[in-house]
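The structure under discussion appears below in the form of structure tokens.
Any value given below was found using the heavy atoms of this structure, including those in side chains, with hydrogens, waters and symmetry copies removed.
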Amino acid sequence: MFNNSFYKLFIYEQRSIMKQRLLSVILLCMLFIGIANAQQRQVSGKVTSASEGSPLAGVSVRVDGTNTATQTDGNGDYSIAVSKENAVLVFSYIGYSSQRVNLGNQSTVNIQLTSTDNELEEVIVTALGVKREKRELGYSAEQVDSKTINKASAVNIANGLQGKVSGLNVTTNNSGVFEDVKINLRGIRSLTGNNNPLLVLDGIQMDIKYLSSINPNDVENISVLKGAAAAAIYGPDARNGVFLVTTKSGNEVTSVNLSHSTQWQNISFFPKLQKQFGQGADGEIIPIENWSWGPAYDGSIANIGPELEDGTQQTTPYVGTDERQKFYDTGITNQTNLSLNAKNFFLSLENADIKGIVPGDKNRRNGIRLNSKREFGIFRAAANFNYTQQNYNVYNQAGQENYYTAQNTGGNDGLFSQLINTPAHIPLTKYKDYKNDIFSTYDHWFTDYGINPYFSLGNWRRHGKKQDLLTNIELGLKPTDWLDFTYRASLTSRGIAERYITEGVKETPFGASRGKTAITSALEEYNYNQNVLTSDLFASVNTPINEDLIFKGILGTAVRQNEYRNTSVGADNLVIPELYNIGIRTGILTGASNG
């Protein structure tokens, strides 16, 4: 009995101790929950459109600096837990400007987001980079955004603007690897002078030729000022209008973008050439003639060119073909862009590899852009850097023109002249190997009155490197709401180094008997350097005089320094073929220098 009573007493004491411990644990958990609730609070509200007043569903709401985030529901309502004392809510939505709200002690925050599309329609970047509402302008101005410019993945900004701005005419000068264009705003103002508009990049004036050095994917927007009043502040350089280009400078949301595009290019129009009559004159086949006044094509086998030294005679079916149209290649452009967009920071890399329609022509463009800006209270600072390099190898038409000028014969119209003066039955595309194929060589070309177009492409070449550096800094001070000071300094630099190469060929006795003369191996080196320094300081005033009258004005000064130099040196008689060194030559050097 004693032992049994002791056992019961022991169990009862153990149960009492366990109850006390369990109660302590429950009280401790309640204490922790109470502390957590004291540190967190719920913030709720509604997000609507500023223009329409309708609720916006799917708006991102996040606590800045944390991973806490939510989205608005179908009625635009949201609720989010906030634990930080000085928390900041960030509201962001596609197509609308982001907003940041310092909460303080607020538990209800209602937000109206403004559409970015409306901002682009109402606000336009004008002279000196000043933003004005479109309804305030007394002249014609249009703004085009980045999405519109890059809709067709244009390599050149000018081509991206074609058809996007009223009164803007963009004409392609040639279909080569440089995509040179001519730009006119509201027609031609001068028959003999310059009709190009002025380019202003991030507030810095420069020649419109630098437009091709700007990656279209780096552009935030372009404002086109058409009237004289719009461009009056830039002086006579802007008499033909102004292109105000603003590049990207960062975004609230960090993003990395990678894009690639491939474009193909073909001859869109080739003159219609007859394919009824063949080589010769007065109805008779003349094998060495380049005229097409011979008898009608009949499908027989006809001789081409003279009989060679060893008795070989080239023949072909006497039938009209499309060989001349097949001479040009299909041009291919591969463009790759990589960009990093962050708050107050933008970095982009570009590579464009261009193969032209003229066989052997190519150009590779590489570029880098770095933009950054910061604000420190009433102070602000920004820096922009853009470097572009092009390496190209193209046919030098001027070399062939100089050859024909020295021969005192025709053919000065370049490569196309050789094509249209080739009879339709000549198998033109078989003559690409002008060094090894006997019928393709300089001496054995079928006609006495022209040269193989493929020989022209290989014999006269232009190799070059073009480098553009566009950089500027901007400092600002805004001491009051109505007064703003801006200082800009910039360097615009271009360097071009080119080599004009003539491969050269010696005539054989057979070639000399046909009137062929030697083409000496030659080299000309050309260098162009330009540096433009600018310095702008101006103050802008924007203050209301009364309820109906606002005073806006700009006062400032601008200084520009322009330095350039052209230098060329050449040797017309290189001693060793295909060794292009002006030091290994006979005769004196040619050249000039000015600047």
Side-chain angles (χ1 to χ4, degrees), residues 33-125 130-136 143 145-147 220-221 246 248-255 341-346 373-378 380 478 480-482 484 542-544 546-548 550:
I33 292 172
I35 293 173
N37 287 334
Q39 290 177 341
Q40 285 192 343
R41 57 194 174 95
Q42 289 295 122
V43 177
S44 60
K46 181 185 286 287
V47 181
T48 58
S49 170
S51 59
E52 300 175 358
S54 57
L56 297 176
V59 176
S60 172
V61 184
R62 63 181 176 87
V63 180
D64 193 28
T66 71
N67 294 325
T68 304
T70 186
Q71 287 187 340
T72 57
D73 59 19
N75 297 319
D77 297 322
Y78 73 94
S79 180
I80 189 170
V82 178
S83 58
K84 296 174 62 177
E85 292 184 2
N86 299 318
V88 176
L89 288 186
V90 180
F91 298 81
S92 57
Y93 193 53
I94 296 176
Y96 289 80
S97 298
S98 299
Q99 282 198 36
R100 298 168 60 88
V101 177
N102 295 315
L103 284 180
N105 297 322
Q106 300 179 82
S107 59
T108 302
V109 177
N110 296 321
I111 290 295
Q112 288 187 330
L113 295 183
T114 304
S115 171
T116 55
D117 292 336
N118 291 339
E119 290 179 358
L120 288 176
E121 291 176 357
E122 296 174 357
V123 179
I124 286 183
V125 180
V130 177
K131 293 183 179 180
R132 301 280 297 275
E133 292 187 16
K134 190 172 183 179
R135 59 184 175 83
E136 296 178 357
Q143 184 163 282
D145 61 14
S146 176
K147 183 178 180 180
E220 183 70 29
N221 58 67
T246 303
K248 298 175 182 177
S249 57
N251 204 343
E252 289 290 336
V253 180
T254 301
S255 63
N341 210 340
K343 185 177 181 180
N344 299 326
F345 179 85
F346 178 78
K373 65 177 182 180
R374 288 295 301 272
E375 291 190 10
F376 310 91
I378 64 173
R380 67 180 183 277
K478 192 175 181 65
T480 66
D481 292 338
W482 57 271
D484 187 278
N542 185 349
T543 181
N546 53 46
E547 294 183 357
D548 301 320
I550 298 177

Hey, does the side chain of N102 reach the backbone of G104 with a donor-acceptor pair shorter than 3.5 angstrom? no
Report yes if the side chains of Y96 and V59 come closer than 4.5 Å at any heavy-atom pair, otherwise no. no
Which distance, rounded to the nearest 0.5 Å, do you find between the CG of L89 and the CZ of R62? 10.0 Å
Any donor-acceptor N or O pair under 3.5 Å, side chains T246, E220: no
When every non-hydrogen atom of T254 is compared with those of A342, the smallest separation belongs to OG1-CB, 3.9 Å
Exam field: side chain D64 to backbone V90, donor-acceptor pair closer than 3.5 Å: no
How far does OG1 of T48 sit from CG of D77, to the nearest 0.5 angstrom? 10.5 Å
On a heavy-atom basis, which atom in V63 and which in A87 lie closest, and how many Å separate them? CG1-CB, 4.3 Å
Minimum heavy-atom distance between T68 and A81, given as atom pair plus value: CG2-O, 3.6 Å
Please answer whether the main-chain N or O of W482 pairs with a side-chain N or O of T543 as donor and acceptor at a distance below 3.5 Å. no
Closest heavy-atom pair, S98 versus S92, reported as atoms and distance to 0.1 Å, is OG-CB, 3.5 Å
Does any N or O in the side chain of Y78 come within less than 3.5 Å of the main-chain N or O of S60, such that one atom is a donor and the other an acceptor? no
Determine the minimum heavy-atom distance between A69 and I80, stating which atoms define it. CA-CD1, 4.1 Å
Please check if the side chain of N110 supplies one atom and the backbone of G45 the other of a donor-acceptor pair under 3.5 Å. no
Got a donor-acceptor contact below 3.5 angstrom from the S107 side chain to the V43 backbone? no
With rounding to the nearest 0.5 Å, note down the distance linking CG in L56 to OG in S49. 5.5 Å
Evaluate the side-chain proximity of R41 to L103: yes if any heavy-atom separation is below 4.5 Å, no if none is. yes
Given side chains that start at C-beta, do those of Q106 and V82 come closer than 4.5 Å, heavy atoms only? no
Hey, does the side chain of K373 reach the backbone of R380 with a donor-acceptor pair shorter than 3.5 angstrom? no
Got a second to check how far F91's CZ is from I111's CD1, nearest 0.5 Å? 4.5 Å
Atom CZ of R374 and atom OG of S249: how far apart are they, to the nearest 0.5 Å? 13.0 Å
